[in-house]
Amino acid sequence: MSRKPYIRTLSSTSWWLAQPRYIRYMAREVSCVLIGAYTGVIVVGLLRLSEGANAWAGFVAAMQTPASVVFHLLALAFALYHTTTWFNVTPKAMPLQFGDTQVPGSIIIGAHYAGWIVISAALLLLAGV
Amino acid sequence: MARSNKPIVWSLFAAGGTFAAFVTPAMIVVTGLALSFGLLPPEALSYERLSGLIENPIAKGIVFLTVFLPAWHAAHRLRITAHDFGIREDGLVMMVCYGLASVATVMAVYALLSL
Amino acid sequence: MSLRTFELEIMRYDPDKDSEPRFETFSVPCEEDWVVLDAVNYVKDNLDRTLSYRWSCHMAVCGSCGMMINGEPSLSCKTFMRHMPDKIRIEPLANFPIERDLVVVMDDFMDKLASVKPYLVAKEKKAVEDGSYLQSPAQLKKFKQYTLCINCTLCYSACPQYALGEGFVGPAALALAHRYNLDSRDVGRSARADVVASNEGIWECSFVGACSEVCPEHVDPAGAIQQTKIASTLDYFKDLITPGRDK
Amino acid sequence: MEMTTTDIVIVGAGGAGLRAAIAIAESNPDLKIALLSKVYPMRSHTVAAEGGAAGVAKDEDSLDNHFNDTVSGGDWLCDQDAVDLFVEQAPKELTQMEHWGCPWSRTSDGKVAVRPFGGMKIERTWYAADKTGFHMLHTLFQTSMQYPSIERYDEYYTTDLLMVDGACRGVAAIEMRTGQMRLFRAKAVIICTGGAGRVFPFTTNGAIKTGDGMAMAYRAGVALKDMEFVQYHPTGLPGTGILITEGSRGEGGILVNNDGYRYLQDYNLGPPDPWPRKKAMELGPRDRLSQAFWHEQKKGRTISTPHGDVVHLDLRHLGEKKINERLPMVRDLAISYVGVDPVKEPIPVRPVVHYTMGGIDTDIDAKTAVPGLFAAGECACVSINGANRLGSNSLTELLVFGSRAGRGAAEVAMAESTHVDESAIEKAAEEARAKVTGLFQNVGGGETISGLRKDMNSTMEEGAGIYRTEESLKDTCVTMKEIHARFANIDLEDKSNVYNTDLLQALELGAMIDVARAMAVSALNRQESRGSHQRLDFVERDDEKFLRHSLASYAGADDPGVDYRDVVITRSQPAERVYGGDQK
Ligand SMILES: Cc1cc2nc3c(=O)[nH]c(=O)nc-3n(C[C@H](O)[C@H](O)[C@H](O)COP(=O)(O)OP(=O)(O)OC[C@H]3O[C@@H](n4cnc5c(N)ncnc54)[C@H](O)[C@@H]3O)c2cc1C
Ligand code: SF4
Ligand code: F3S
Ligand code: FES
């Protein structure tokens, strides 16, 4: 007899349950659903705002329902997960080298977090928190 | 093999991902949680204050970006995630994802222009 | 020397007899400083001569002894028994067809490696008599990391997009293309882009990052691919703006 | 049997084989090349070479210096015309590697950097950190991919050369994935199958270094030259035999015994200071260093470990930065395999079989005595290494003589207008096929491959190690002859076709046994001490009788016959080898 290579197949729907690193990956990817939905909320808000004071007041009220709060908490969790996963890989995607010394990844990541804190604080201050 | 034209959507994905990483968590807190948790006085998000703020064209531009970039980031990632969940109709998925992002973009532009 | 006995559960597949792979368990008394490959060699020499697998250097540089060890793509010559639980499951590298036992079919990887034109394309051919090109340590450092790939294909075993996608060029090959693209002596980036910047190239990668996590040589193919995505995107827009751009 | 017709067959895709293939492709793109290898090219053992490749690079150095170091390092057993050619071509070949992208380490002004190596008067060893062989092999392999005329046959185990009318016209090989025997018909054949360190139990050589090509040529009637010269590298890790490169001493590492004493000063290699100093102490030649270990061990001044006695290689004074920059792999290997971080502790090391100076007898053009047959690389013996190879000359040798063999074979192929008849090839292959079928049919002999291999390994280590005597060698020859006979009783447990490694190991063992016997018999006949061949019963070098190459010719079950040929001497008359303080 001769060759008969055996091909193992992977489930195209549940492969990601096989390893913790794949689950972490999928969590990162799924963050887009929450970020996308939240963006939708903003669009709705803008539309309401453009419709006048009453429409806007209704929107603000809707944002304070328990369902909305739960949604936003969830969105916040995934958004933060997105932020950390995004920052943590920047040294890979955009390494920095000066002369023949490589800037350590931790510095690049640290700079991103520092920027993030500044921007977030500015936004919160601007809003009046 | 042909060179891909993915750079168009990918550049939006990357820019959007960076923008979302820096801005979205704080935005969620401000627009979605701060009032409920009493972190903000109600007048902070009053109609007068916001419509006043947004009259400034620069502010309009920034608000546009907060919709446009994350929307396309999310759309592109969703397209890939659909594939990861075993949905192999990439053409259809692409239309839905990018379609949603386009709708969001257009509506945001419409709202901003009418403010 | 103290011996510790391990149960090795090894995946077997004999194309002559088996319709699908099965597991066979061997008890192996191992010395303290053995690596998994030593235990597998013990099985072959003492328990079952029909076991097939690849290895040569025993020093993590030839890249031939990759196996799934307890589900993780690993070099068996660099995985120490002292870090192992009493029961070890050994399978052929995932995502490749199994030829026999722990031997997988490498054709696809070899083709992909060749497809990225992994060789220096110089601006103008220099005669040997004219001496070497100058290259500063800083220029060398830019690409050095990406030269360290031993072609062990662990990254292909770790990458779900290689397993799920059709025709993904894959981490190691793309990292190698990046290595030449970054070399100060090379001008072949545009020639490589036909494969590298195609849908089957970098764009099939969704940055799972598993490739870099399992890479025994810290090549970081995931990073290489993302950097290539950025560079290719810039190239793409430059080409759009200036179609006749010198390539 | 399926037959492939090509112009040139190259057996072996390590450094030498790949270099030969590229040389042919560049000299005439119309010539078809079949490149056969029992492993994928990048698995070839060239990949393991760490330290570097020698070629004159500095202004204050000269070809003469490289020549003199090589000839005296080889204890005057080198053919000086070959060495001249070698040192002259070396820098060109290394520059060529640079043009192909080899990531040589650089100096701050962008030039290729060189480091000192044992037995070399001036630093001339080009290196790519401490993964030189790895980078050279991958550079060659990747470069070879751009030549369409190079057709690779990966994982084809070559069993025999096919001889038609006294000339070599092809090879028989087993396609490992199908188990089928395939014939290759060609106008010329180049053997580049590497060394045979696996004949010994404790070696830096990978599992594939089993002397297959040497055995093939030997059985086909080419003599094996200078087989008694087997190099022990002084610094291998106990247990695994993993090499700690000489580059680590080149960078300033020192060897100390159990008293922390730099014992090399007791063996005509001192004085220890100033240090580092070329051609002295730890930068003496490998044969001397390994022999010094043996004496220290006899004096009880080594350190005993579960894996045998060791001395310490101390790198601590180099500091973490330099170790990481120049010797990253050494650090990694030491931490991984013996649990010692060289930044903090000295590395335990002991001599380990490393290199076969001898091999297939070729002339300066890499040609053998058989028409159409060439050999290059570690499997060949052009006689640039003599009785002891200097570290870092071998990687360069692959390039210089690999490309020479390629060009020579190309000439032969272009001169031959037609191929020999297919039927002649078929006929020549009958024996090859019968040998394999025979192995499958054997039953009840009771010998196992691993058992026989162990016996061969221990016999060779005991009788033909660093120091040898008439008695030990006689015993070895007798036992090896028995082992050769026992080989006929090997039983294959694996009878299948697909990737049958049981079969391949049997064939490899057969090759090793032949090669080992040539080593032992040649050693027995050389009644002198020279370079790596040290006889306790003939302690002096004897130029009168033995300034000659030994040539072992195959005699089947009988011990090989050994002839001699004069060494080619052009301008360096044999003298005493002087290292350490006494050198000029
Ligand atoms: C650990 C180590 C470190 C070293 N460091 C240095 C150094 O720093 N400097 C230096 O100059 N030298 C060094 N050497 C020596 C040098 O690396 C080798 O001599 C050299 O690489 C041999 O190359 P090669 O091309 O002759 O053979 P290899 O690289 O061993 O290749 C042999 C090829 O032949 C093929 N082959 C063998 N048998 C068959 C068969 N039956 N059928 C088909 N194919 C076959 C194999 O598949 C392989 O492709 C070192 C050696 C070792 C072991
Ligand atoms: S990139 Fe790393 S894991 Fe992938 S083949 Fe190369 S060395 Fe192996
Ligand atoms: S795991 Fe695969 S998806 Fe990309 S980052 Fe690595 S190649
Ligand atoms: S045996 Fe070479 S990498 Fe493991």
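Per chain, numbering begins at 1; letters A, B, ... match sequence-line order.
Heavy atoms of B:Val103 lying under 4.5 Å from chain A are absent altogether. With a threshold of 4.5 angstrom between heavy atoms, A:Tyr25 approaches chain B through side-chain atoms but not through N, CA, C or O. Residue A:Leu47 touches chain B through both its backbone and its side chain, counting heavy-atom pairs closer than 4.5 Å. Residue contact with chain A, scored on non-hydrogen atoms closer than 4.5 Å, involves the backbone and the side chain of B:Thr18 alike. Neither the backbone nor the side chain of B:Leu53 has a heavy atom closer than 4.5 Å to any heavy atom of chain A. Heavy atoms of B:Phe19 lying under 4.5 Å from chain A are absent altogether. Only the side chain of A:Phe87 comes within less than 4.5 Å of a heavy atom in chain B; its backbone stays farther off. Neither the backbone nor the side chain of B:Pro42 comes within less than 4.5 Å of any heavy atom of chain A. Heavy-atom distances place the side chain of B:Leu112, and not its backbone, under 4.5 Å from chain A. With a 4.5 angstrom heavy-atom cutoff, A:Thr65 does not touch chain B via any of its atoms.
With values rounded to the nearest 0.5 angstrom, B:His73 atom NE2 is found 7.0 Å from A:Cys32 atom SG. How far CD1 of B:Ile54 is from CG of A:Leu46: 5.5 Å, rounded to the nearest 0.5 Å. A distance of 11.0 Å separates CH2 in A:Trp86 from OG1 in B:Thr24, rounded to the nearest 0.5 Å. Separation of atoms OH (B:Tyr47) and CD (A:Glu51) is listed at 10.0 Å; rounding is to 0.5 Å. With values rounded to the nearest 0.5 angstrom, B:Phe37 atom CZ is found 11.0 Å from A:Gln64 atom CD. Rounding to the nearest 0.5 angstrom, the gap separating the CG atom in A:Leu123 from the CD1 atom in B:Ile28 is 12.0 Å.
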Handout entry: Residue pair B:Ile80, A:Glu29: steps toward the side-chain contact (heavy atoms from CB on, under 4.5 Å) verdict
Key = CA-CA 8 Å; B:Ile80 291 164; A:Glu29 296 299 282; 4.2 Å; yes

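In this structure, A:His82 and B:Gly17 approach most closely via the heavy-atom pair NE2-O, 2.9 Å. Closest heavy-atom contact between A:Trp116 and B:Phe22: CD1-O, 3.3 Å. When every heavy atom of A:Tyr38 is checked against every heavy atom of B:Met27, the shortest pair comes out as OH-O, 3.0 Å. Annotation for A:Trp16 and B:Asp84: closest pair CD1-O, 4.3 Å, computed over non-hydrogen atoms. Between A:Val43 and B:Ala108, the closest heavy-atom pair is CG1-N, 4.3 Å. Between A:Ser50 and B:Ala111, the closest heavy-atom pair is CB-O, 3.6 Å.
Listed options A:Leu49, A:Val41, A:Leu34, A:Ile42 were ranked by heavy-atom pairs under 4.5 angstrom with chain B; first place goes to A:Leu49. Contact count against chain B (heavy-atom pairs under 4.5 Å) is highest for A:Ser120 among A:Ser120, A:Ala77, A:Gly36. Note: A:Gly52 leads A:Ser31, A:Gly52, A:Gly40 in heavy-atom pairs under 4.5 Å with chain B. Chain A forms more heavy-atom pairs under 4.5 Å with one residue of B:Ala34, B:Ser51, B:Ser114, B:Ala26 than with any other, namely B:Ala26. Annotation: maximal heavy-atom pairing with chain A below 4.5 Å, among B:Ala101, B:Gly32, B:Ser36, B:Pro41, occurs at B:Gly32. For the set B:Arg49, B:Arg88, B:Glu48, the entry with the most heavy-atom pairs within less than 4.5 Å of chain A is B:Arg49. Between chain A and the residues B:Ala14, B:Pro25, B:Ala44, the largest count of heavy-atom pairs under 4.5 Å involves B:Pro25.
Of the possible polar contacts, one joining the A:Trp56 side chain to the B:Leu45 backbone as a donor-acceptor pair under 3.5 Å is found.
Sparse packing is recorded around OH of B:Tyr110, with 12 or fewer heavy atoms of other residues, nucleotides or ligands lying under 6.0 Å away. More than 12 heavy atoms of other residues, nucleotides or ligands lie within 6.0 Å of CG in B:Leu113, so this atom counts as buried by the packing criterion.
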